[in-house]
Amino acid sequence: MSGTDFERARAEIARRRTFAIISHPDAGKTTLTEKLLLYGGAIHLAGSVKQRGSGRQTTSDWMELERQRGISVSTSVLQFDYQGRRLNLLDTPGHNDFSEDTYRTLAAADCAVMLIDSVKGVEPQTIKLFRVCRLRGIPIVTVINKMDRNGREPLDLLDEIERVLEIPCQPQNWPIGSGASFQGVYDRVQRQLLRFERAQGGGARPAPMQLAEVDVPELRTTLGAGAHARLLEELALLDGASPPWDREQFLAGKLTPVFFASAMTNFGVEPLLQAFVELAPGPRPRQTSRGLLAPDAPAFSAFVFKIQANMDPRHRDRIAFARICSGVYRREMPVLHARTGKTLALSKSFQFMAQERVQVEEAFSGDVMGLWDPGLLRIGDSLCEGKGHEFEGIPRFSPEHFVRVREADPMKRKQLKKGLDQLAEEGAVQLFFDRWRLEREPLLGAVGVLQFEVTQYRLEHEYGAAAHFEKLPYQHARWIEGEVTLDRFERPGSSTCVLDVEGRPLVLFESDWALRRAQEEHPTVKFIAAVQPGRSSRAAGRTAG
Ligand code: G4P
């Protein structure tokens, strides 16, 4: 790379902001995504991401099943420019059952927007996803949505976030009323009032904004004496009680800036976006087998965080989504596939805007691209220019639902095996074998039951192999490490032991109680809820039998 090329690459990398939105279903993620794209100029009329009513579907719907069910199960990457920054929004599936996909997507993000419903507050999925961000040290920007509804007291919501998620909040703006009496927000950073006015046409176009100083006397008249007095009181309280803004703490995931908004009516979306591009960090350094890698290191490298087969039924192909972590990608460039040591020419690579595929000629650290994959790539794989390194793996989370697979047609045994192997590699489900019969009648585990439905549908439609899934009573799974006889876990009505695709033992428990009892009975054994795939572990079972 020449000096000028290098400088240009550094500038391109520095302007990337790669993030994901995390939330409990129904908090308004699709709505917010749509509005961010609207303000980002990527779409012109809100409503094209998810059409409301009967024809409800999203433009990131790829699979026929998604269309039938009206849910989005695929992760897509939406790219748009705003104020000189290039934003890569990783669109994570909103449905509860696809949270594993969301976990993996977070590995590719540098920042997350945590969206909370002002009526419901912190919900179970918010907690789960927040914990993943915390584990990865991902900075979080909090947005409290639906301020146009009669929500909970803002102080109460902040208190809940601080108590349940154990992260101090730093409100960047403060709401004046809510629901029917919602009048807008006071921007504590810019010291401005943003008045709430419902936009014409159902809030599908940018809402008008009026700005005023908070201490001007007219404000008392505008807001009403009561609301004005309350605002002044609450602002004084916040000035005294909320922690000072500390960028380092935010970047370390230890402090979250909070914005109040109403995505549906567009209120607060533009100020959020303006603040977000300033707050959000650029591409972060990544941990590799050769130490910490700077995002502007000249050699290209990327890791695969998602594989999606048969995205386009017309092409029957398989796309691996890779996040670039250093350098520049150029079409046809030879790269080392670190796991196999093979050199690949990455000639077919795409960026996606919903259903449209665009061939990528050049992409920079921070970007995500879809690579056409003949079946070589796996989740967690590293692709590098020059000397190879491996990125820190993407953890595999323990499933909570289990089925036994029974072939519907013995003539299709090969197809079934191929389908199961590929779908497991893709990470759609996890494949397990019992310790004796191995290949016959394997078990599948998933974080959510809908994944089984998708798997069954795809086995039949993509691999021509119908299968029966028999539900099993297990609720928890733990990989185990330590000296123990695996037979100890064979307890009908309580637990059983299986092996994962890498031969690591995993105990399935029928209840919380069964898990707790096993932990108490085997204090020296480690019961692990998330493992790194492909890494050898000092697995239990040396005395297995
Ligand atoms: P999700 O992707 O997080 O699951 O949420 P989504 O955007 O689909 O929003 C869930 C519901 O919440 C939708 O209503 C949506 O219109 C509504 N919503 C989103 N943001 C706001 C907001 O700021 N204020 C209010 N009042 N509602 C909001 P729905 O009834 O499920 O769909 P629809 O009938 O509106 O299409």
Side-chain angles (χ1 to χ4, degrees), residues 16-25 27-33 35-37 40 72 75-80 82 85-96 98-117 121-145 161-162 164-170 172 247-261 263 269 272-273 275-286 295 305-306 321 323 325 366-368 392 394-395 397:
R16 260 59 188 171
R17 296 292 178 272
T18 303
F19 70 108
I21 302 177
I22 58 169
S23 64
H24 191 86
K29 191 165 56 159
T30 312
T31 311
L32 180 66
T33 301
K35 301 303 166 79
L36 290 176
L37 295 176
S72 169
T75 304
S76 62
V77 188
L78 303 166
Q79 196 177 60
F80 60 100
Y82 191 77
R85 299 273 153 73
R86 173 144 303 176
L87 285 89
N88 292 309
L89 170 54
L90 305 174
D91 180 19
T92 52
H95 199 284
N96 227 342
F98 290 87
S99 49
E100 203 169 3
D101 229 17
T102 311
Y103 297 146
R104 288 193 286 255
T105 299
L106 288 172
D110 296 313
C111 185
V113 169
M114 176 168 74
L115 191 63
I116 290 176
D117 183 327
V122 175
E123 296 179 85
Q125 190 81 345
T126 332
I127 302 174
K128 268 194 183 178
L129 295 166
F130 175 86
R131 290 205 178 124
V132 178
C133 292
R134 169 149 282 175
L135 209 72
R136 305 194 146 265
I138 296 176
I140 293 172
V141 172
T142 301
V143 177
I144 298 184
N145 189 32
I161 296 170
E162 298 199 338
V164 178
L165 304 178
E166 296 174 351
I167 186 164
C169 294
Q170 225 278 345
Q172 303 274 308
R247 187 164 169 80
E248 290 309 308
Q249 290 288 91
F250 161 65
L251 292 179
K254 293 180 178 163
L255 176 71
T256 179
V258 179
F259 294 84
F260 291 85
V269 178
L272 167 69
L273 199 50
F276 182 78
V277 291
E278 294 304 321
L279 286 170
R284 295 186 297 161
R286 297 272 165 168
F305 66 94
K306 180 184 170 72
F321 286 91
R323 147 86 199 224
C325 296
D367 287 338
V368 165
E392 209 178 24
I394 297 178
F397 288 87

Heavy-atom side-chain contact between E162 and P168 under 4.5 Å: yes
Distance in Å, L32 CG paired with I21 CD1, rounded so as to fall on 0.5 Å steps: 4.5 Å
Residues forming a ring pair (Phe, Tyr, Trp, His ring centres under 6.0 Å) with Y82, sequence neighbours excluded: none
Results of ring pair (Phe, Tyr, Trp, His ring centres under 6.0 Å) for F19 - residues two or more places apart only: F276
A109 backbone acceptor or donor facing R136 side chain under 3.5 Å: no
Shortest non-hydrogen contact between Q79 and D367, atoms and distance: NE2-OD1, 3.3 Å
Donor-acceptor contact below 3.5 Å, side chain K306 vs main chain F321: no
Residue pair A280 / R247: nearest heavy atoms and the distance that separates them: O-NH2, 4.2 Å
Reported CG-to-OG distance for the pair L129 and S23, which is rounded to 0.5 angstrom: 8.0 Å
Shortest non-hydrogen contact between V122 and I161, atoms and distance: CG2-CG1, 3.9 Å
Steps toward side chain to side chain contact (heavy atoms under 4.5 Å, CB included) verdict (I140, L165): CA-CA 12 Å; I140 293 172; L165 304 178; over 6 Å; no
Over all atoms of both residues, closest heavy-atom pair of I138 and A112: CG2-N, 3.7 Å
Side chain to side chain contact (heavy atoms under 4.5 Å, CB included) between T142 and C169, intermediate numbers included: CA-CA 8 Å; T142 301; C169 294; 5.9 Å; no
CG-CZ distance between L87 and F80, expressed to the nearest 0.5 angstrom: 4.5 Å
F130 side chain reached by V164 side chain, heavy atoms, under 4.5 Å: no
Taking every non-hydrogen atom, the tightest pair across T18 and A108: CG2-O, 3.6 Å
Non-hydrogen side-chain atoms of C111 and R17 separated by less than 4.5 Å: no
CD on Q170 to CD on Q249, rounded to 0.5 Å: 11.5 Å
Criterion side chain to side chain contact (heavy atoms under 4.5 Å, CB included) on E278 and R85, from CA distance to verdict: CA-CA 9 Å; E278 294 304 321; R85 299 273 153 73; 4.1 Å; yes
Separation of L279 CG from L272 CG (nearest 0.5 Å): 9.0 Å
With sequence neighbours excluded, residues passing salt bridge (Lys or Arg N to Asp or Glu O under 4.0 Å) with R323: D110
Distance-minimising heavy-atom pair for P283 and G366: CG-CA, 3.8 Å
Euclidean distance, R131 CZ relative to T126 OG1, rounded to 0.5 Å: 11.0 Å
Side chain N145, main chain L115, donor-acceptor under 3.5 Å: no
Evaluation steps, side chain to side chain contact (heavy atoms under 4.5 Å, CB included), between L36 and V113: CA-CA 12 Å; L36 290 176; V113 169; 6.0 Å; no
